[in-house]
Structure formats: structure tokens, C-alpha cells
K.L.:
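Just dropping this structure here.
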Amino acid sequence: MAKQVAFQNANGTETKSKPTKKTKVDYKARALGLRAQRENLPIYSARSAIISKVREHSTVVIVGETGSGKTTQIPQYLLESGFTTYGQTCIAVTQPRRVAATSIAKRVSEEVGTPLGARVGYTIRFEDCSSEKTQLKFCTDGLLLREILSDPLLRRYTVVVLDEAHERTLRTDILLGMLKDIQRERKRVAELNAEAERTQHNEYSDSRNSRATGTHIKFTDEAEDDQPPIGEAVVDSVYGDVTGIGELKIIVMSATLDAERFSEYFDQAPILYVAGRQFPVTTYFTTQPQSDYLDAAHLTVLQIHTETPSTSGDILVFLSGQEDIENVERLLRESAAQFPKGVPHLLPCPIFAALPQAQQSLVFEPAPEFTRKVILATNIAETSLTIPGIRHVVDSGVHKVRGFDPRIGESLLVEPISKSSARQRTGRAGREAAGFCYRLYTEADFAQLDEDSVPEIKRCQLSMVVLQLKAAGVNDILKFDFMDRPSKRALKHALLELYALEALDDKGELTQLGRWMSEFPLEPTYSKVIYASQKLGCTREVIDIVSLLSVDSLFYIPADKREESNAAQMTFRSKDGDHLTYLNLLRAYNKVNGDREWCHEHYVNRRNMRHVLDVREQLNRLCTRLSLDTSKSCGAELDAVLKCFLSGFFHNCALLQPDGSYKSLSGSQTVHIHPGSSMFSKKVPAIFYDQLVFTNKLHARAVSAADPLWIAQASPKLYGRISQL
DNA sequence: CTTGCACGG
């Protein structure tokens, strides 16, 4: 081979862990069989140290490397140590991802030896596998956040364990802030309870004189029938009856050594370190910077393949997105076709979130005889998926990052990864045995990388976050104790957006509409649209379309089938734009009952369509509970639907210019209609869009035609003038 | 004029 990528060995090796094996449910006997395995985990020797630290401190930070067993064991140690009481209190363990919450709950219930949903259970959106008996509940962090809105003190829980906190997802960060508040309030309320107990046991003291300000104790003789028979109810001026509520313990679990930040945030909480099970990974850097990482990735894979036996394990390549993956796949197929006889086959397996399930699962199947798999992956393989059999990792050093700046809007750009991300990628080579990692950048470039990625909360739109905080009673958003504070500009932008949507009044206080909107698991723009649909009589259509917009791709478009998939999409096309096109798609999908073949023929992403139906069902149920008539339909008068959308999306409008381009109303920027849109290359006086994302250009996604007059009516204060245009 | 990293409710 003429072209080569030169590598050099890094100083030292990097290591990672061994996964636990999946097993079948078999309750008591099975649990007994698992006990030896549990006691063999690295964390087992730290059991009593962990428990006593949790008893002594309100908050404990635990750093556990992959394979330490922290995720499955620590919740069980707490359960065994009496941190909960049957039928009354519970331990919550949060995960950033749904699959993790469910699979860990399954494993732990096996180890505990009870059926799933009994003593150990899980709750995620659309799926509740827990009961009155549940004392250990695994859930997504987003779900626990929702629970705070209906139970501001989280009174059911004695301990909350935040797992994977180092990932710093938007929801983990908000949860950290809110839990810190809740912990302080619980401490105050717990003291009230302790004091009530003391006064009750002292027959000489007058309890009325010994209470904290702002509270009073109800006497049993003035109580309703639902009062406990013995003793007195403890009532707090803010939370009402707080009888029996104790302190809230918080355990922050992290896989990396950034624990000091968590410890500082929780008033110097103690940090415990637990070692993992690891295999060494030999890491190489390129000797020269690579101008084209796709070419470098392609050549490196060929080098690994020819220089090591194919039985030495599969190759995992980290790339930035679908386009990169499809390009490298093509290069590899071309090269593999020219292998001389006797060289083992090379099987490229792409994997990214938008890929249909059937193709995703190929990654997990063992390669055929005399064949080596090359997994071409996005960040999905960094944390979300663990692919067995990987011994070689090729790291491009880049990923795609969503950004947000109120001045520019949203963006989606390829950027260098952080050091911790590079280490995480490297670790993927050492899950089962010693491995190798090839970094397609120099050691000097690695040294220049940021230590950690920027937390999500600093690079996304915050209107939904701010609405949630307001609904949870956080009045001064600018003073909220964020672990990493978003910019003042971003927070003010969110406050202004909520004001424009009439969720906040001119004092910045939550309006009745804002309270109503906060009930929805939706961006506030969407809940506003649903609200507007009642007056205009098209709630059924609006809920359908909002559900359709909750997934990011309704169609799957492979690079080589663009023409065909476009033709298939034409079947659903509405002249008014994407919103009604999507509605047509849903109706067609329902007519064939989501038939698999039909979806395949029309390039419809079936998994995402199922999610749409789940969201729709949840929204319908929620609306009914809030006494909205979800059957209100506008029939063929679909203009009403577009008008509703404008009541939430008046900020997302653009007007046609004499030169045929569109300029946004809010920022006077040139916006380009996304090529996948039914409005692409169409000229109408005005458009509105679901999203504006900067990639190489400002692209408007999910676009529909709008009457300029409707825009003026939707927000007379902002755009009243355009009716005169 | 030709395109969407990953998640969550």
C-alpha cells in the first residue's frame, strides 16, 4: 500500500471495563446464584464505607470507573441498609437514558430476587413498571424532573441517586440545582418534625410557643378524618402537611475524576473513589496532523485489517454524522472489493440514531466466517450503545455539536471533541480484552483539547427550562444556583420568549396560561399552539401535528436513494407546506395500520412513527385531564391549523424578498428552506418554520406557507405593521 | 438553491 497513516505510541495506556452478562428472570434461586458474582465486584469491599458515609452526610459523591458495579450495587446497598420503609418511602435512581433505566432495573430486580415492578421497578415516559411496593425505583432524569412539578418536596423519596452525572445533560444539571433546593427545604421541614416530636413528649411545654415562624401545628380535635389517629400533624406554611418528612440524601455518581466540582457544589460533600475492572488499551497518535480525517480513517482501518489477524477483534470508527459515515462506508467497500484472495473480508456496519432499527441491529450480530466488522458510528457508540467484540478504536477526534446563542440562534457544527470524550472513545476498545486505539490527530493536538465538553445547559434554548423552574416555584431565575450558569443573555432571551407567549406577565410572574403550559412535556411554543386550537376548533389536527414534530425525522433517506424517497414523499405533499404534509402522512400511516412493508416502500421511519403515536396518546390524555375537548376538528378548513401554529411560532416567520430569498422577520437574516421540505424552491409571500438551524447555511426545517395577515394577528405588538405592507 | 450529533418528557 502506497498511502499510510503514521502513528506513534502514547505514553502510558488507557483502560476500561467488562460488562455484566444478561440473564433470565428466576427470582430467589437465581438471586442466590448471582450473589457470588455480586460479592466479586470491585465495589463490594467498599460497601460498609459507602453506607456509613451516606449516613453521616446529606450528600456523597461517588466516582466509580466503568465496571466497578456502582450502578447496580449502590442502590442495593441502600435498600439492604434500611433507607426505605415498605409501602411508604422509596429510593430513586436516575439515568440519562431510557434503555439504561429499564435494563438496570431488570438486572437489579434479578439480583434482589423479586419480580420486576415489585420491590424494584422503573418508570420512564409511556411506561410505568413500579407499584405501591416499590422501594427502589429507576427512572430517567427527565421523569424525576416532571415529578417535582407535582411533588415539590419529593416526599416519597428518602434518597435520590444521580447516575452518570459527569455527562452533564441538560436534565441532570437542572435536577442538580432543584435537588439542592429540595434538600435544604427538607432539612428545614425535618427539623419542624423533630421539634414537634420533642414538644409532644414534653407535657409541660406549650407547643404553640415553641414553633418556627410561619408554621403551626394542627390539633387532633380540629383535624379532618384523614388525620393520623395519634399525635399531631406538622404543617408548614409553604408545603402544608409535612408530617413525617425527613431529610433527603443525595448521591452523585460520576465515572470521571471531575468529582471536585460536584463536591464543591454540595458544600464540600465527601468523595469516594471506587476502582473499576479494566483492560489496558494501547493508544497511538498520528505523527502528522491529518488534513482529511475521512481519508485517514479509511486508510487506518485498512492498515489495522492487513496488519492484525481478523480474529483479533472488530474495529469501531468514531465519525461526526451520517454523511461522514456514508462516505467512509463507500471508500471501504471500494477498497475491500480489491482485496487479493486470502485477505479476510471487511464488513462496514454503519450506526447512527436515524438509521432504521433493522440496520442498526446488524452491528450486534456476529460477523460471518472469515470476515471482520468495521462499525462506523457517531457518538451514539460513545455512551448509548455498547457493541461487543470491539478491540480496535479509530477516533476522528470530532463530533457534531448543537449550539445556541441568542444572537445567532441554533447551530449544528462539527467541532473537536474534549479530552474526556477522547478517553471515553478509547475505553471502548478495552471492554472485553486488551485493545488498541488509533487517534487521527497528533499528541500535541490532543494536549490542546478542552478537558471536558461544555455542559448542555450552556448551549441550548432555555425557554422550557425556565418555564419548568418558574412552575416549580423558582421566582428569580437569574439567581438560581446552577452548577454551571447559562449566560445572562440566554436566560433573558428565554424570559422574553415566555413573555411573548404570555406564559409570564410583565412582572415576570407565571400567568395562568403559563402554569397550564408547564403541564405539557413540550416546548412552550407547542403548548401555546395547543391552547390556541381550542378557540379555532382544530385541537385534533394540532395535537396530531405537534406529535409529528416531536421526532426529528419522519423519513429515512439513504444517500443513494434520495430520488426514490423524494418521490415517495410527494404522495403526502400538501401545497400549504410541511405541517399539513406530515398530517397527510399520519393519516396514510393509520390507514394501513403502520404496515412494515408500506413504511419501507415510502421511506417512512416506522420507529419514529410509533413514537409519534405514543406522544399523541399522552397529549390527548393530558388535554382531557385539563378539560380540553380533543375531538374538536376543523375538517377540511385547514387554515385554522396554520393560524394556531402562528400563535406559537410568530418568532419563526420569514417574508419573501424581491430577489426571491426569504428574510426572517425577527432578525432580518436570509433563511434557506431545507431541501427536504415540501416548500423547497417555492415562492409564497410569507413562511413560518418549526426550527432554524445553522449548518453551512441558516436552514429552516418543517416549513409552511403563512398569510402575512395571520402573522400580524398572531402578534400585533411585534408584527402589526406588516399588515400594511 | 440540495440536508438532521445525541438525548429526555
Side-chain angles (χ1 to χ4, degrees), chain A residues 94-101 123-127 139-149 164 167-175 318-326 351-355 377-385 396 398-403 410-415 417 421 453 456 459-460 464-465 467-468 518-523 526-527 547 550-559 562-563 565-566 605 608 611 614-615 618-619 622 659-662 670-677 679-683 690-691 693-702:
Chain A
T94 72
Q95 295 291 330
R97 282 167 292 279
R98 301 155 50 96
V99 272
T123 312
I124 57 174
R125 188 185 192 183
F126 311 134
E127 214 182 324
C139 61
T140 45
D141 42 21
L143 195 115
L144 194 67
L145 263 183
R146 283 273 142 202
E147 249 182 82
I148 294 176
L149 294 185
E164 315 285 8
E167 286 185 27
R168 303 296 307 276
T169 69
L170 176 63
R171 291 163 296 279
T172 304
D173 268 27
I174 306 162
L175 210 46
F318 283 102
L319 296 161
S320 77
Q322 180 175 352
E323 199 185 350
D324 279 2
I325 289 171
E326 283 168 346
I351 187 156
F352 46 92
L355 196 72
T378 58
N379 258 355
I380 197 170
E382 198 180 295
T383 45
S384 307
L385 295 179
S396 63
V398 291
H399 61 171
K400 234 175 233 181
V401 200
R402 179 162 284 262
E410 284 185 285
S411 58
L412 194 63
L413 300 168
V414 176
E415 282 173 18
I417 58 173
S421 188
S453 308
E456 198 183 354
R459 46 182 179 81
C460 67
M464 195 182 179
V465 171
L467 183 65
Q468 256 178 25
S518 75
E519 299 266 346
F520 286 82
L522 293 172
E523 289 293 332
Y526 295 119
S527 43
S547 307
S550 71
V551 293
D552 40 30
S553 48
L554 291 164
F555 299 98
Y556 170 62
I557 307 151
R562 223 164 251 181
E563 299 267 305
S565 75
N566 254 337
N605 187 325
N608 284 351
H611 185 83
D614 283 338
V615 173
Q618 189 189 30
L619 292 180
L622 180 57
D659 66 358
S661 69
Y662 289 96
T670 302
V671 306
H672 301 264
I673 296 176
H674 195 285
S677 165
M679 294 296 288
F680 182 66
S681 77
K682 287 217 183 153
K683 310 286 181 216
D690 188 62
Q691 261 189 318
V693 180
F694 181 82
T695 49
N696 55 343
K697 279 184 211 145
L698 257 185
H699 279 285
R701 287 158 60 173

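Residue numbering restarts at 1 for every chain, and letters A, B, ... go by the order of the sequence lines. These values consider heavy atoms only, across backbone and side chains, with no hydrogens, waters or symmetry-generated copies. Every value quoted in this text rests on a predicted model; they were computed, and no experiment measured them.
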K.L.:
Going by side-chain hydrogen bond (donor to acceptor under 3.5 Å, both in side chains), name the residues that satisfy it together with A/R402, two or more places apart in sequence or in a different chain.
P.N.:
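With neighbours one apart ignored, the set is A/E410.
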K.L.:
Can you figure out which of B/dG8, B/dC5, B/dT3 approaches the side chain of A/R98 most closely?
P.N.:
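Given the options B/dG8, B/dC5, B/dT3, the side chain of A/R98 is closest to B/dG8.
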K.L.:
When the distance from CD of A/E563 to P of B/dT2 is rounded to whole Å, what number comes out?
P.N.:
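My rounded result for the distance is 15 Å.
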K.L.:
Just to be sure I understand the rule, does A/R125 reach a base, reach only the sugar-phosphate, or reach nothing, if contact means heavy atoms closer than 4.0 Å?
P.N.:
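Counting heavy atoms under 4.0 Å across all strands, the contact made by A/R125 includes a base.
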K.L.:
Quick check for you: among B/dG8, B/dC1, B/dC7, whose closest atom lies nearest to any side-chain atom of A/T140?
P.N.:
B/dG8
K.L.:
Closer to the 5' end of DNA chain B via nearest nucleotide, is it A/S553 or A/L522?
P.N.:
A/S553
K.L.:
Quick one: label A/I380 by what it contacts on the DNA or RNA (base, sugar-phosphate, nothing), any heavy atom closer than 4.0 Å.
P.N.:
sugar-phosphate
K.L.:
Answer with base, sugar-phosphate or nothing: what part of the nucleic acid does A/D552 contact at a heavy-atom distance below 4.0 Å?
P.N.:
base
K.L.:
Salt bridge check, A/R701 against A/D690: does any charged N sit closer than 4.0 Å to a carboxylate O?
P.N.:
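The answer is no: the pair does not qualify as a salt bridge.
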K.L.:
Could you tell me how far apart A/H611 (NE2) and B/dC7 (P) are, to the nearest whole angstrom?
P.N.:
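Rounded to the whole Å, the gap is 12 Å.
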K.L.:
Answer yes or no: does a side-chain N or O of A/T378 lie under 4.0 Å from OP1 or OP2 of B/dA6?
P.N.:
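Indeed, a polar side-chain atom of A/T378 lies that close.
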K.L.:
Which part of the nucleic acid, if any, lies within reach of A/T695 when heavy atoms closer than 4.0 Å are counted: base, sugar-phosphate only, or nothing?
P.N.:
sugar-phosphate
K.L.:
Got A/T94 and A/R171 here, is their nearest side-chain heavy-atom distance under 4.5 Å?
P.N.:
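SC-SC contact between A/T94 and A/R171 ruled out.
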K.L.:
Which nucleotide in the set B/dC1, B/dC5, B/dG8 lies at the smallest distance from any side-chain heavy atom of A/R97?
P.N.:
B/dG8
K.L.:
For A/H699 and A/H672, take the angle between the two ring planes, folded into 0 to 90°, and tell me which bin it lands in: parallel under 30, tilted 30 to 60, perpendicular over 60.
P.N.:
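Ring orientation of A/H699 relative to A/H672: tilted.
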K.L.:
Mind checking A/T169 for me? I need base, sugar-phosphate or nothing, with any heavy atom below 4.0 Å counting as a touch.
P.N.:
nothing
K.L.:
Have A/T172 and A/E164 got a donor and an acceptor in their side chains that come within less than 3.5 Å?
P.N.:
no
K.L.:
Measure from the side-chain heavy atoms of A/K400 and tell me the nearest of B/dC1, B/dG4, B/dG8.
P.N.:
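When the side chain of A/K400 is considered, B/dG4 is the closest of B/dC1, B/dG4, B/dG8.
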K.L.:
A/Q468 near the nucleic acid: base, sugar-phosphate alone, or nothing, with a heavy-atom cut-off under 4.0 Å?
P.N.:
nothing
K.L.:
Which of these nucleotides, B/dT3, B/dC5, B/dC1, is closest to any side-chain atom of A/L412?
P.N.:
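Looking only at heavy atoms from C-beta outward on A/L412, the closest nucleotide is B/dC5.
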K.L.:
Contact class for A/R171 vs. all strands (heavy atom < 4.0 Å): base, sugar-phosphate, or nothing?
P.N.:
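Base, at least one base atom sits under 4.0 Å.
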K.L.:
Looking at B/dC1, B/dA6, B/dG4, which one has an atom nearest to any side-chain atom of A/R701?
P.N.:
B/dG4
K.L.:
Nearest-nucleotide wise, let me know which of A/N379 and A/E523 is further upstream toward the 5' end of DNA chain B.
P.N.:
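In this pair, the answer is A/N379.
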K.L.:
Base, sugar-phosphate alone, or nothing: which one does A/H674 contact when heavy atoms must sit under 4.0 Å apart?
P.N.:
base
K.L.:
Less than 4.5 Å apart, any side-chain heavy atom of A/R168 and any of A/S453?
P.N.:
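Counting from C-beta outward, A/R168 and A/S453 never come under 4.5 Å.
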K.L.:
Determine the contact category for A/F352: base if any of its heavy atoms lies under 4.0 Å from a base atom, sugar-phosphate if only primed atoms, P, OP1 or OP2 are that close, otherwise nothing.
P.N.:
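Here A/F352 touches the backbone only, sparing every base.
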K.L.:
Roughly, in whole Å, what's the span from CD1 in A/I557 to C1' in B/dT2?
P.N.:
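Taking atom C1' of B/dT2 as the reference, CD1 of A/I557 is at 11 Å.
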K.L.:
Mind calculating the distance between CD (A/E410) and P (B/dA6) to the nearest angstrom?
P.N.:
16 Å
K.L.:
Answer with base, sugar-phosphate or nothing: what part of the nucleic acid does A/I673 contact at a heavy-atom distance below 4.0 Å?
P.N.:
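Nothing, no heavy atom under 4.0 Å.
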K.L.:
Starting at CG of A/D690 and ending at C1' of B/dG4, how long is that distance when rounded to a whole Å?
P.N.:
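Interatomic distance, CG of A/D690 to C1' of B/dG4: 13 Å.
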K.L.:
What's A/S384 touching, base or sugar-phosphate or nothing? Going by heavy atoms closer than 4.0 Å.
P.N.:
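Contact class for A/S384: sugar-phosphate only.
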K.L.:
Rounded to whole Å, please give me the gap between CZ in A/R562 and P in B/dT3.
P.N.:
7 Å
K.L.:
Write down the distance between CG (A/L175) and C1' (B/dG8), rounded to a whole number of angstrom.
P.N.:
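Nearest whole value for this atom pair: 12 Å.
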K.L.:
Please work out if A/Q322 contacts a base, only the sugar-phosphate, or nothing of the nucleic acid, heavy-atom cut-off 4.0 Å.
P.N.:
sugar-phosphate
K.L.:
Could you check how far CG of A/L355 sits from C1' of B/dG4, rounded to whole Å?
P.N.:
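Taking CG of A/L355 and C1' of B/dG4, I get 14 Å after rounding.
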K.L.:
Is A/H699 side chain donor-acceptor paired with the B/dT3 base, going by distance under 3.5 Å alone?
P.N.:
no
K.L.:
Does the side chain of A/D324 reach to within under 4.5 Å of the side chain of A/V414, using non-hydrogen atoms?
P.N.:
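When only atoms from C-beta onward are counted, A/V414 and A/D324 do not touch, as no gap falls below 4.5 Å.
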